[in-house]
Every structure is written in structure tokens, then in C-alpha cells.
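Here the structure comes first, spelled out in C-alpha cells, and everything after it is commentary.
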There are 2 protein chains.
Amino acid sequence: MKLTTKGRYAVMAMADLASFKDQGPVSLSDISLRQNISLPYLEQIFLKLKNNNLVKSVRGAKGGYKLELSPDEIKISNIISAVDEEVKMLNCKKDSKKGCNNKSSKCITHNLWDQLDQHINNFFEKVKLQDLVKKKQILNK
Amino acid sequence: MKLTTKGRYAVMAMADLASFKDQGPVSLSDISLRQNISLPYLEQIFLKLKNNNLVKSVRGAKGGYKLELSPDEIKISNIISAVDEEVKMLNCKKDSKKGCNNKSSKCITHNLWDQLDQHINNFFEKVKLQDLVKKKQILNK
DNA sequence: TTTAAATCATACTAAATTAGTAGGAATTGA
DNA sequence: TCAATTCCTACTAATTTAGTATGATTTAAA
Ligand code: FES
Ligand code: FES
């Protein structure tokens, strides 16, 4: 049960952006160096962040990305979902072959996974980007 | 961000065992049919459950498995860890090449993932097997 | 005593997902 | 003009997951 690099890198990159938000647009090559993430991979990630209106781009030389909102307006959940990192513990499907829902009704663990989904999503809703950049403070809930 | 089938099936199978705990040992082929899980796959899973003292086996014809403890003494976390389903959001590693910890100190998102790990593990600690078998009641936290 | 039903154990393999790379086109400040 | 940058899609390699396969061992019951 792990996060994919896409979700992880997206949050790292956004936190990086937040840290340098007063220095004009930040280029992906800068982020790539600081966070040790491959540049073309970052490009893919930022395409999605942009399409979800979390960042805006400045094209051309000396260009880069800036946050669309202030760090205290951006929830981790926004970032996670922007890059299609889904929290998906439930496994029920319509078609009988795959998924645990073979006999029309819900399986014995359905409610458990449903609650777990909510539990995790609540966490991502509660934490803001701002919470990450206040120099390494302990996240207070 | 998903659970693997190993963790999912382990919990389903344990809940099944708990449901039928008064009928002598339950065979894996019964569980296989009821929960729609491949028999040899279940065997692998139960090997681990047994090695972690969550179930005990009765060999030979008419054999099967029984719970080692009562359902209210078994936490979901026990089951999850027995089958090596790890909650592992952190990605820091010692070797410089892999993992996000390239510059000796912790990355900007380390605390976030650490808190998330705890958040999820708390959930698994709180819920008991018993909570699943009380006929489909809503889990109350 | 034979047989069938069951666990026990390990090795292998196919499918799916993840984590990137590759190869360019478009834009723009210097 | 040119270098630095974003933009965009397709492809591929690596890893992980989700099983199969194979066979041994045990034991209740016929
Ligand atoms: S998780 Fe929904 S039916 Fe099993
Ligand atoms: S998660 Fe630990 S250093 Fe990044």
C-alpha cells in the first residue's frame, strides 16, 4: 500500500513551488535539480497540475510555473486528484468476473474499505500546502 | 493507492472464518467458493496467517482452519501485517540513487507521509475482526 | 487399507501497473 | 537568431501483483 511517484512528486514539486513563490516563475529544471526528479517526468506532472488550475505557466526563456492560488488555499487532496492518484480501497465492480462483488450484494469487507477511503481522504482534505512549507514544523493534525 | 488482493483477501477470508467459527474447522475450498478467491492463492495466504498465529490448521480430510483468537481480539492491523501488506508512504532510503532522500536530510514531504502512515495504521489498529461480522452493521468509527 | 479431502510448501509465470524515456513542436526573452 | 523553456503524445523498461503449477504430507472415512 504505497503512493505512486506521480502523487509523491506532485506534492514535492508543489511544495517546492510554494517555497520559491516570491522569486518569479520557477522552471522545472530547477525543481528537477532540487527535488531529484526527472525533467520530462515533471513535465507530464505539471501538464496535469496546470489543467487542474493549480499552477499557471509562463512560456519561453526565463519561464516556468507559478502557483495559481496561495499555499493556504491548496489542499493536498487537490494535488493528489489532479495527477489522478486515486484513493481506491473498494474493489466492487459491475461485471461478475472481476472484483469482489460476485453475488450482486456487497461483500463482507465493503464497509471497511469504504470507511478507510473516507479516513484517508479526510487526511488529504485537512492538510494544506502551506502546512508543508512552514519550515519543517510538525504538522499539527 | 490501492490495497493489494493479498491484504484484501486475507481480511475477507478471516471475516469468513469468523462468521463460521462455530462449525468446526472451515476448509479453504469452502472459503474459495464463498468469497470467490482461487484456492491455491488462499493456501499461500493462510500459510502466512498461520505463521503469525492468527489461525490454526487441522490437517487431513474434514480438516480446515480455525481462528486462534476470538474475533474481538483480532485487529485488522494484525491481518494486514501478517500477509506483508505494508503501509508505506515514506520513500526515504539510505542509498543516494533511489528514494527521495538525496541530500542526507529529510525531504520537504517526509513529515506529511509519516503522518499519513500513522493515520492509516491507527485505522487498522482500531477496527477488530468482530466489527466486520456483526451482520453488516455500519462500522462506528 | 485404500482413497479422497484437505493442508503444506515452493517455484514459476502471466498480467498489469508504474516509472519513466524519447522525440519532437511551440513560445519567448535576451 | 538562439537558447531556455513549456507543451504534448507515444513508447518502453522495470517492477510488482496476482495468480498457476507441481507435488508432498496428513488423516478421516469407506
Ligand atoms: S469492496 Fe465492495 S463489494 Fe467488496
Ligand atoms: S519521504 Fe523521507 S526523505 Fe522524503
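Keep in mind it's a predicted model, so treat the numbers as computed, not measured.
Counting only heavy atoms from C-beta on, A:Thr4 has its side chain closest to C:dT18 among D:dT9, C:dT18, C:dG20. Here the nucleotide nearest the side chain of A:Lys50, chosen from D:dC7, C:dT7, D:dT20, is D:dC7. Looking at the side chain of B:Gln44, the nearest of the listed nucleotides D:dG19, D:dT5, C:dA19 is D:dG19. Closest approach to the A:Glu43 side chain among D:dT9, D:dT6, C:dA6 is made by D:dT6 (side chain taken as heavy atoms from C-beta onward).
Rounded to whole Å, the distance from CE on A:Met1 to P on D:dT17 is 13 Å. What separates CD1 of B:Ile45 from P of D:dT20 is a distance of 12 Å, to the nearest Å. Regarding B:Tyr41, its OH atom lies at a distance of 16 Å from the C1' atom of C:dA9, rounded to whole Å. Protein atom NZ of A:Lys48 is 12 Å distant from nucleotide atom P of C:dA19, rounded to whole Å. When the P atom of C:dA25 is taken as reference, atom CG of A:Leu47 falls 18 Å away, rounded to whole Å. Residue B:Lys88 contributes atom NZ, which lies 17 Å from atom C1' of D:dT17 at whole-angstrom precision. Summarising the geometry, the separation between CG on A:Leu39 and P on D:dC7 is reported as 12 Å, rounded to the nearest angstrom. The CG atom of A:Asp84 sits 11 Å away from the P atom of C:dT18 (whole-angstrom rounding).
Backbone-only contact: B:Tyr65 has heavy atoms under 4.0 Å from sugar-phosphate atoms and none from a base.
Proximity of residues 55-64 of chain A to DNA chain D (heavy atom under 4.0 angstrom from any strand atom) is restricted to A:Ser57, A:Val58, A:Arg59, A:Gly60, A:Ala61, A:Gly63, A:Gly64.
Comparing B:Pro40 and B:Val26, the nucleotide of DNA chain C nearest to each residue sits closer to the 5' end for B:Val26. Looking at which nucleotide of DNA chain D each of A:Ser27 and A:Lys2 is closest to, the 5′-most match is held by A:Ser27.
Interatomic distance, A:Leu42 CG to A:Leu39 CG, rounded to the nearest 0.5 Å: 6.5 Å. The structure places NZ of B:Lys106 at 8.5 Å from CG of B:Leu90, a figure rounded to the nearest 0.5 Å.
Under 4.0 angstrom from either OP1 or OP2 of D:dG19 there lies at least one side-chain N or O belonging to B:Tyr9. In this structure, B:Lys6 does not reach the D:dT17 phosphate: none of its side-chain N or O atoms is under 4.0 Å from OP1 or OP2. For C:dT21, the OP1/OP2 oxygens have a side-chain nitrogen or oxygen of A:Ser38 closer than 4.0 Å. At the phosphate of D:dT17, neither OP1 nor OP2 sits under 4.0 Å from any side-chain N or O atom of B:Thr5.
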Which is it for B:Asp114 and B:Gln118 under the side chain to side chain contact (heavy atoms under 4.5 Å, CB included) test, yes or no, and what are the steps along the way? CA-CA 6 Å; B:Asp114 193 28; B:Gln118 291 178 37; 3.8 Å; yes
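Ring geometry for B:Phe123 versus A:His119: interplanar angle of 30 to 60°, hence tilted.
The closest donor-acceptor contact from the side chain of B:Glu85 to the backbone of B:Leu3 lies at 3.5 Å or more, if one exists at all.
Between B:Asp131 and A:Leu112, every side-chain heavy-atom pair lies at or beyond the 4.5 Å cut-off.
Among residue pairs with one or both ends in residues 70-82 of chain B, those qualifying as side-chain hydrogen bond (donor to acceptor under 3.5 Å, both in side chains) are B:Ser70-B:Asp72, B:Ser70-B:Glu73, B:Lys75-B:Glu125, B:Ser77-B:Glu125; sequence neighbours excluded.
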Output side-chain donor-acceptor pairs under 3.5 Å for residues 57-68 of chain B, partner residues at least two apart or in another chain, one line each.
none

